[in-house]
Structures are given as C-alpha cells and as structure tokens.
Amino acid sequence: MIVELTAFSTLVWVCLALTACAPLILLALWLKDFLSKQLW
Amino acid sequence: MNEASGFALSSSLGLTLVVLFGVAWVLFGWYLGRANKTHEDFALAGRNVGFALAAATAMATWVTSNTTLVAPQLTYQLGVWGMVGYSFAALGLILFAPLAARIKRLMPHGYTSGDFIRLRYGRLAWYVFIAISVVYAFGWLVSLGMAGGILLEALSGLDYHIGMTAILIICVGYTLFGGLRAVIATDFIQALIIIIGVVLIAWFLIDTVSLESIHSEVQSNHPQLLDVLFPAAMMFLFNNIFFGLGEIFHSNVWWSRALAFKGKVAFKAFLLGGLLWLPIPIVTGFIALAAPQLGIFPPSADMVGPMVAAEVLGKVGAVVVFIVVFSALASSLDSLLAATSDLVTRDIYHKKLRPEASDAHLLRFNRYSILGLGVLTWLLCLPQIATLGALLNFAGAFVASTIFPIVLGLYTRRLPGRWAAAAMFFGTVLGLTGYFVIGFYVAALVSCIVSATICGLGLSFSRSEFNWDDLNEAEEQQS
C-alpha cells in the first residue's frame, strides 16, 4: 500500500509548520521567565 | 558544490566556523560557570532551572546526530516509516514527564539515576545498571564524536580526525567551565539555531525540487520507500519506540535534568520538549527522499541529509547544514559529558570509593571526570568503527531492558532488586542475541519484552514492600 502524494505532502507541510512555531514558543517562554526573574 | 574540490565548503571555511563557534561557546560556558559555588551548582545548576530553559534543553538534547543525520539515513533506507518511526521517539520525552515529576517528589536531594537504582534495588541491580549506563553513554558519546568528524569531512573535505577532535575539545571546554548551567543555557541557543536551520533547509528544498517531483521519482523507482506495509520498517517503528523510552528512562542525562528543574517545572518542560521535538525527524527525514532524484548516492548512508541539502542549496545551504548539525551534536555531547561525569563522581567515586570527600573535592573530581571522558571518547573515535545508525541501535538492546525496572521501581513497592537485576541482565543478553541473529530493528523490542516478562514474574512472586522514604537519602555534608 503506497502513501499517496496528498498524504505525503500533508504530513511534510504540517510537520514543517509545527517545527516553525517552536522558536516562537521558546522565545515567548524565555521572555516571560526573564521578566518575572524565573530563568534560574 | 565547489567545482575544484568537490566539497560544498572549503576546508578553511569549515575550520573558521568551528573556531568561531568553539570560542563563543567556551567563553559563554566560562561566563555562566562563575555562578557555580558548590558541587550541586555545578552538577544540577542549583536545582532551580525555569520553564523556558527546561523545555528548550529537553528538546535540544533529544535533537542530536540521531535526528539530523540518522533520521535522513533511515528514511533513505526504510522510506516513510523511517521518518515517522523516528518521530515516535518523542514518546520517550512525553512519557518521561510524569516520571520526572515523581522523581523530583521522591528524591528531592537525589543526584543521579544511579542513586535511584542503588537505593531502590540494592547493589546487584546497581552493578548491572551502571554497566548498561556506561555502555550506552560511550556508545552515544562515540557516535556523536564520530558524527562531528564525518560532518566536517563530508561538507568541507577536512580530515575526519580534525573535525572529531575539534567538537570534543569545544564541548569538553565549556562543560568543564560551566557545568550543567552552561549546558542548559547553550542548549537554549542551540535549540533555536537547530529549529530555524532545519525549517530553512526544508523550505528551500521544497521550493527548489517540489514535493510532487520527489514523490513521483520515489514512486517510480523506489516504491518500497512509500509502502506502509514495508515489514522491516514496521518492525523498526516499534523497535524505535522502545529504544527511545529506554534511552530516556534510564539515562542520567534526563534524570539530572528532572532533578535540576524547579519544583513543578519538570512535568510541563518534558511534555512541551517532546511535543516540540515530534515533527522534527519528519522535516529532516523527507529531505533524504530527494537523493535518488538528484543523483546522490552517498558513500555512507548517514551523510545523505547533509549531502542533499548542500547539493540543492549550494554554499549557503552547506553553511546552514554545518551550523545546524554542529549545534545538534554539541547540545547532546555536552549533556552526556555532564551527566556521565556526575555518575562517575557521585555513584562510583563518592558513594563507593571516597564517602568522606568534601564538596570542593567532589567539584574538582567532577571536572577531572569530564576531561577524562573527553579523552577516552577521543581515543574510541579514532578508528571509525561503524555507521552511526548501527552503533546507535546496538545500544538499544541495553537500554530497553531498563524501562520496566525503572517505571515499576518508581510506582510500585513490590518489585525486589534481584528481579530487577535479572530483568536488565537477561533483557540485554537476549536483545543482543536478537540484534545479531535477526537484525538491528528488533534489538530493543526483544530486550524490552524479556525484561517486562521477568519483572511480571517478580511482581507475582514477591511479597516484599519497599519503603518510599528510603529514597530520600539525606546528604552528609563534609566541610
């Protein structure tokens, strides 16, 4: 059973979008911890 | 590609990047290390790491040569299941989240995973566990050191031994100065570099080659790579889940983090780290499917990802690949150096050889351990003994045997030490048998099943009840 183009493309694009969001999440959390002096 | 040399980067540019990164990381490690006053500061960052740094270090440490080099390799060999199966290793981080919270609650003064095994199961299980931990730690350290050398050689033509030596010197340098604090802070920056780099490479590849043409080429010439019923690949999927669980559940890399994070941060940090990590192997893995279309047939399968990126994106792409993989390697290598040196210092030196050692003495010994581990890793990396994937999966037979003894040890009072020791020992032996007789893709699976069966028998026959308070070992302070 072969993975069709639609399924393959969807998988790659969804994963790419999720990965692209990660730096924004990490930077937002860092800013929050930094402002509340909770980094360490 | 550089027409004259056949490499994407010149040797001098490769060396320049290494030196620039090396100086930056070592200076940063030295700067952070000034806050370390005690052994606890050095080994566990004062047990006070906040959510942002905690989540980033969980994610960045799990993104390693495995994700940036081996995920494309396995996609190249096993197709779609290779990358999907690899992403399931995120379950290790996600399922460790509740365990981390419980570890922090049961052992507020603990230092290492070895502490837990010694206090929960006694000496026999501790010996088996330490042997497994040492094999795994060196397997991973050597695979990371080798990956540094392979990467530099493939991208710039620089001799394997120079690249491998350089990455070891840099990581030993900043871990030596800054301890876990430096490891975690550099992990945050490395996490950002890795993710942004991986997204850029994938984006440009899709823009240049297109997903349609990659799919069409693979479907015509290598249809098994798109087959969801590819038997070896399906076996790999399950094997990789157990491998990932075993790696995280037993390794002091993760235990030291659980113990270093602030009060209630451990659970949510591992959960978020796992969720952020989940899509990354698919983004790095699908790149390898473009290799046949581009006429790339790498001499070593673990270089397929960097070679495709360098081919499509030229010199800029090669620089991005170089920085991403170098950051991924450093973020894991530093963690492993710190965690393994903690095991050597705490479990072997302090608890077995010098129980009267002072805090300052332990801090000094911990630094010597980092240096010693670096030298030993360098010696083991000198002969390039195996591909990264083969080396990694060999360790699967060892670590998967620890999953059930760790989980049951944390949540039930009834599993006795001799049964836990037998589960880890026979799980490892039969897992290795599976590795050599059947293939790498069953080693962790066999090991975990055998270990689970023995733990199940232990629970059925045992009448003993462990006292949880025995895990909260009071620290004798020496001046």
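Chain naming here is simple, since letters A, B, ... match the order of the sequence lines and numbering starts at 1 in each. Excluded from the calculations below are hydrogen atoms, water molecules and symmetry mates; all remaining heavy atoms, backbone and side chain alike, are included.
- The greatest number of non-hydrogen atom pairs below 4.5 Å with chain A, out of M59(B), R181(B), Q224(B), R47(B), is found for R181(B).
- The CH2 atom of W277(B) sits 11.0 Å away from atom OG1 of T19(A), with the distance rounded to the nearest 0.5 Å.
- Among all heavy-atom pairs drawn from C15(A) and P279(B), the shortest one is O-CB, 3.5 Å.
- In this structure a side-chain-to-backbone donor-acceptor pair under 3.5 Å is present from D33(A) to A52(B).
- Distance check, rounded to the nearest 0.5 Å: CD of Q38(A) to CG of N48(B) gives 8.0 Å.
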Exercise. Could you give me the CA-CA distance, side-chain angles and deciding distance for L272(B) and L29(A), then say whether side-chain contact (heavy atoms from CB on, under 4.5 Å) is met?
Key: CA-CA 11 Å; L272(B) 181 62; L29(A) 287 173; 3.4 Å; yes
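- Although no hydrogens or angles enter the test, the distance criterion places no donor-acceptor pair under 3.5 Å between the side chain of H215(B) and the main chain of S9(A).
- Rounded to the nearest 0.5 angstrom, W40(A) CH2 and I184(B) CD1 are separated by 5.5 Å.
- Chosen from L27(A), L39(A), L11(A), the residue pairing most often with chain B at heavy-atom distances under 4.5 Å is L39(A).
- Counting heavy-atom pairs closer than 4.5 Å to chain B, the top-ranked of the candidates L31(A), L18(A), L16(A) is L16(A).
- Rounded to the nearest 0.5 angstrom, I25(A) CD1 and L276(B) CG are separated by 5.5 Å.
- In this structure, chain A has heavy atoms under 4.5 Å from both the backbone and the side chain of F51(B).
- Atoms CG and CH2, from L53(B) and W30(A) in turn, are 9.0 Å apart once rounded to the nearest 0.5 Å.
- Between atom CH2 of residue W13(A) and atom CG of residue L211(B) there is a gap of 6.5 Å, rounded to the nearest 0.5 Å.
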